[in-house]
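What follows is one structure encoded as structure tokens, with my remarks underneath.
Atoms within a ligand are numbered from 1 in the order they appear, just like the ligands themselves.
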Amino acid sequence: MADLEAVARALVAPGKGILAADESGGTIEKRFDAIGVESTEDTRRAYRELLFTTEGAAEHISGVILFDETIRQRSSEGTPFPEVLERQGIIPGIKVDRGAKALALAPGEKVTEGLDGLRERFAEYVELGAKFAKWRAVIPIGDGIPSEYCLWVSAHALARYAALAQEAGLVPIVEPEVLMDGDHSIERAYHVTARMQHAVFTELHDQRVALEGMLLKPNMVLSGYEARERAGVEEVARATVKCLRHNVPAAVPGIVFLSGGQSDEDATAHLKAMNALGPQPWELSFSYGRALQAPAQKAWQGDPANVPAAQAAYLKRARLNGAARSAGYRAVDETR
Ligand code: 5MM
């Protein structure tokens with residue numbers, strides 16, 4: 001347990017956050033399509049190498065979440081990716097869920113699969129160098145959904161995963177993502193997020209998960225992306241922190257937000273505004289996928305000549321989000 005807590009705390013060390021580079025095959029293909037790059041094992045490897053070898057990233061990035069294929073790949077010099085990261089003091093982690101599938105008898109709702117054989121997969125990931133893990137539950141908001149059924153089966157699965165991760169000696173990142181697609185208000189987003197966080201911590205407690213040795217990766221509380229009136233940065237920050245204060249025990253070392261399709265600048269501004277609200281029981285950090293990588297992908301376009309520009313774009317987002325962790329003390333300047 002002492003080791004789990006040390007890893008969890010290192011992942012939320014001051015000024016640093018996590019890079020979520022665990023896009024599964026379908027998701028990375030979508031990202032590559034948008035920049036006109038074919039998704040092959042080698043283009044995926046080259047792109048991840050670009051991120052993992054960015055000089056200076058380790059000042060702002062504490063850990064990287066890898067996908068099953070990526071944890072087995074090597075840099076062009078032949079070094080396994082987990083080792084490439086460890087040499088810089090970046091902690092390698094692994095996504096272990098097998099994706100959100102339709103939930104039986106619940107139209108429009110989802111449940112995440114991947115528990116079968118997970119104990120054995122964890123044993124292999126430990127051998128491959130993983131120190132932490134991630135599992136994402138997906139909760140859409142819509143007409144009459146989410147149901148309590150969906151929230152509680154998703155929370156139950158998250159806790160089963162978290163218990164198995166701790167048994168294997170890995171820090172579980174528990175990710176209950178309430179999607180922000182739709183035209184719902186921020187109040188509705190708050191209500192659903194609070195119900196989900198309540199279910200998650202009830203299940204984690206019942207399934208004996210040590211809160212000191214885990215991290216929560218939640219959505220921020222935002223208005224639906226198609227809502228007519230959208231809440232501003234200060235309101236989002238206050239609602240998100242209030243929801244966490246009501247539902248997340250102080251024993252949890254850190255909250256590492258997902259970006260969930262926000263613009264890069266919004267994801268940074270929200271993180272900064274939350275940290276500016278003053279000290280909280282847990283660290284407030286980031287575990288962004290799109291909000292750290294989007295500008296780098298645009299700059300790269302699959303051309304090796306663009307690698308320095310792509311690395312500079314990634315480093316900029318990492319630096320600005322790292323600075324947003326101590327927003328009360330230091331300005332986040334988007335122009336630099
Ligand atoms: C990187 O994307 C992860 C999910 O990939 P799949 O959907 O392919 O399994 C995702 O879980 C990610 O870690 C989080 O949602 C954070 O990423 P964003 O882009 O929301 O910050």
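Residues Leu216 and Glu175 fail the side-chain proximity criterion, which asks for heavy atoms closer than 4.5 Å.
Ranking the protein heavy atoms by distance from atom 21 (O) of ligand 1 puts Ser259 OG, 2.4 Å first. For atom 20 (O) of ligand 1, the closest heavy atom belonging to the protein is Gly260 N, 2.7 Å. Atom 16 (C) of ligand 1 has Lys217 NZ, 3.4 Å as its closest protein atom, hydrogens excluded (heavy atom only). Looking at atom 11 (O) of ligand 1, its nearest protein heavy atom turns out to be Lys134 NZ, 2.4 Å. Looking at atom 7 (O) of ligand 1, its nearest protein heavy atom turns out to be Arg136 NH1, 3.3 Å. Looking from atom 1 (C) of ligand 1 to the surrounding protein, the closest heavy atom is Asp22 OD1, 3.2 Å. In this structure, atom 17 (O) of ligand 1 lies nearest to the protein heavy atom Gly289 N, 3.4 Å.
Of all atoms in ligand 1, listed by their number and element, those nearer than 4.0 Å to a heavy atom of Tyr288 are 21 (O). Under a 4.0 Å criterion applied to the non-hydrogen atoms of Ser287, ligand 1 contributes the atoms 16 (C). Residue-ligand proximity, Thr27 to ligand 1, at heavy-atom distances under 4.0 Å covers atoms 6 (P), 7 (O), 8 (O). The Ala20 neighbourhood of ligand 1 comprises atoms 1 (C), 13 (O), with distances under 4.0 Å to a heavy atom of that residue.
Test Phe52, Phe67, Tyr47 against Phe81 for ring pair (Phe, Tyr, Trp, His ring centres under 6.0 Å) and you get one pass: Phe52. Considering Gln293, Lys30, Lys95 as possible partners of Glu23, the one that fulfils the side chain to side chain donor-acceptor pair (under 3.5 Å) test is Gln293.
The two residues Met214 and Ala8 have their closest heavy-atom pair at O-CB, 4.3 Å.
Other residues, nucleotides and ligands contribute more than 12 heavy atoms inside 6.0 Å of the CZ atom of Arg195.
Heavy-atom proximity to atom 9 (O) of ligand 1, evaluated over Met180, Glu175, Lys95, is greatest for Lys95.
One finds the CD atom of Glu86 at 10.5 Å from the CD atom of Gln88 (value rounded to the nearest 0.5 Å).
For the pair Lys217 and Phe257, the NZ or CZ position fails the cation-pi test of under 6.0 Å to the six-membered ring centre and within 45 degrees of the ring normal.
With a heavy-atom cut-off of 4.0 Å, Ala267 does not touch ligand 1 at all.
No side-chain donor from either of Asn275 and Ser326 sits under 3.5 Å from a side-chain acceptor of the other.
Classified by interplanar angle (parallel below 30°, tilted 30° to 60°, perpendicular above 60°), the ring pair Trp135/Tyr161 is parallel.
At a 3.5 angstrom cut-off on N or O pairs, Ser24 counts as close to ligand 1.
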